[in-house]
Colleague: 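Can you keep this structure in mind? I'll have questions shortly.
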Protein chains: 2
Amino acid sequence: MKDNSLLKGALSTLILKLLADNGQMYGYEIIQKIKEASADQMQITEGALYPALHKMEQNGLLKSELRPVSGRTRKYYALSPKGQKATQSKLDQLQGFLSSIQMIIQPKAQ
Amino acid sequence: MKDNSLLKGALSTLILKLLADNGQMYGYEIIQKIKEASADQMQITEGALYPALHKMEQNGLLKSELRPVSGRTRKYYALSPKGQKATQSKLDQLQGFLSSIQMIIQPKAQ
DNA sequence: CGAATATACCTAAAATTCTTAGGCATGAAA
DNA sequence: TTTCATGCCTAAGAATTTTAGGTATATTCG
């Protein structure tokens with residue numbers, strides 16, 4: 001019974017948005033970025049992120065490139081053309097979803 | 001590959017909030033309410049809702065009561081004392097989560 | 001120097017949650 | 001009388017996440 005479970009479903013959209021904003025990022029960096037951007041509220045686990053990245057690459061949304069940086073190897077991801085096209089609609093979808101939730105949980109003014 | 005999957009994780013919190021606002025509701029009613037409140041954007045399936053209600057009752061968050069209404073039987077749910085206590089913290093959690101997502105997907109002013 | 005921590009990738013089993021696709025039954029509407 | 005709305009339920013499968021590892025190099029601290 002874990003309660004980080006609120007994250008479910010939004011991860012791939014967050015990845016698309018981060019890559020759209022930052023051009024290219026590697027896995028470890030994405031994890032740090034999300035943690036930092038959420039003021040340590042959201043903690044993505046590696047076991048969730050890496051499979052998500054692999055799947056998105058398989059689906060042609062991302063492309064990757066290995067690059068050795070100071071002794072270690074990083075795998076940089078970037079949006080493919082297909083990924084670029086998909087980003088906006090996925091973002092719109094997520095925004096619509098968030099708005100819907102807000103409409104329900106907002107203290108109603110009655 | 002379905003994309004209503006954004007819902008994941010938030011359902012139980014929505015249920016708590018709806019019951020907190022409306023006192024008592026039955027399953028079918030909750031489904032309509034969420035659909036209506038979200039302007040038909042969010043469509044909870046029965047296969048998701050009923051097991052969620054059962055689990056929440058098992059966990060002591062809800063109590064239920066069968067009541068026949070004009071020939072058909074409705075199962076009304078309401079918050080238990082434990083459910084009432086849990087509601088606010090779950091809502092805060094969800095709000096924090098939504099804010100975190102917003103911080104990432106909001107067009108950054110740079 | 002040696003140990004611990006941070007960086008950086010990965011995987012597999014289990015748990016959780018949701019979709020899909022049914023089943024059953026009554027009341028109202030066509 | 002047949003269809004649609006109401007109202008409950010379940011089970012198989014899919015998808016995603018948690019948990020809990022594994023491997024390896026670089027840096028930091030005692």
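Chain naming here is simple, since letters A, B, ... match the order of the sequence lines and numbering starts at 1 in each.
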Colleague: Round to a whole Å and report the spacing from OH of A:Y76 to C1' of C:dA8.
Modeller: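 Between C1' of C:dA8 and OH of A:Y76: 11 Å.
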Colleague: What are the two closest non-hydrogen atoms of A:A48 and A:L11, and how far apart are they?
Modeller: O-CD2, 4.0 Å
Colleague: Quick check on the hydrophobic clustering: are B:L18 and A:L98 connected, directly or via other members, by side-chain heavy-atom contacts under 4.5 Å?
Modeller: yes
Colleague: Answer yes or no: does a side-chain N or O of A:T73 lie under 4.0 Å from OP1 or OP2 of C:dC9?
Modeller: no
Colleague: Which nucleotide in the set D:dT18, D:dT6, C:dT7 lies at the smallest distance from any side-chain heavy atom of B:Q32?
Modeller: D:dT6
Colleague: Taking the nucleotide of DNA chain D with the closest heavy atom to each, which residue, A:R72 or A:P51, is nearer the 5' end?
Modeller: A:P51
Colleague: Can you see if the side chain of B:H54 gets near the phosphate of D:dC8 - specifically, an N or O under 4.0 Å from OP1 or OP2?
Modeller: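 No, because none of the side-chain N or O atoms of B:H54 sits under 4.0 Å from OP1 or OP2 of D:dC8.
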Colleague: Heavy atoms only, 4.0 Å cut-off, all strands: where does B:E46 land among base, sugar-phosphate and nothing?
Modeller: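 Result for B:E46 = base.
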Colleague: Figure out the CG/P separation between B:N59 and C:dT16, and round it to whole Å.
Modeller: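 In whole Å, C:dT16 P lies 10 Å from B:N59 CG.
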Colleague: Base, sugar-phosphate, or nothing for B:G27, non-hydrogen atoms under 4.0 angstrom?
Modeller: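 Touches sugar-phosphate only.
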Colleague: How far does CG of A:L53 sit from CG of A:L62, to the nearest 0.5 angstrom?
Modeller: 6.5 Å
Colleague: Could you give the CZ-to-P distance, from A:R74 to C:dA8, as a whole number of Å?
Modeller: 4 Å
Colleague: Distance check needed: D:dA5 C1' versus B:I31 CD1, whole Å only.
Modeller: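 So the two atoms are 13 Å apart, to the nearest Å.
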Colleague: Side chain of A:Y28, heavy atoms from C-beta onward: which of C:dC10, C:dC18, C:dT7 has the nearest atom to it?
Modeller: C:dT7
Colleague: Provide, to the nearest angstrom, the distance between the CE atom belonging to B:M42 and the C1' atom belonging to C:dC18.
Modeller: 15 Å
Colleague: How long is the line joining CG of B:L49 and C1' of C:dT16, in whole Å?
Modeller: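 The answer, rounded to whole Å, is 16 Å.
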Colleague: What distance separates B:L14 CG from B:I30 CD1, expressed to the nearest 0.5 Å?
Modeller: 10.0 Å
Colleague: Using whole Å, report how far CD of B:E65 lies from C1' of D:dC8.
Modeller: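 That distance rounds to 16 Å.
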Colleague: Need to verify one output field. Residue with the more 5' nearest nucleotide on DNA chain D, A:G71 or A:A52?
Modeller: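 Here A:A52 is the residue nearer the 5' end.
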Colleague: Report yes or no: does B:Q41 contribute a side-chain atom to a donor-acceptor pair with the main-chain N or O of B:S38 at less than 3.5 Å?
Modeller: no
Colleague: Would you indicate, yes or no, if D:dA15 has its OP1 or OP2 atom less than 4.0 angstrom from a side-chain nitrogen or oxygen of A:K55?
Modeller: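 No, A:K55 has no side-chain N/O under 4.0 Å of OP1/OP2 on D:dA15.
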Colleague: Check whether any side-chain N or O of A:Y26 sits under 4.0 Å from OP1 or OP2 of C:dC9, and answer yes or no.
Modeller: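 Result: no.
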Colleague: Whole-Å distance between D:dA12 C1' and B:Y50 OH?
Modeller: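 Spelled out: OH on B:Y50 to C1' on D:dA12 is 20 Å.
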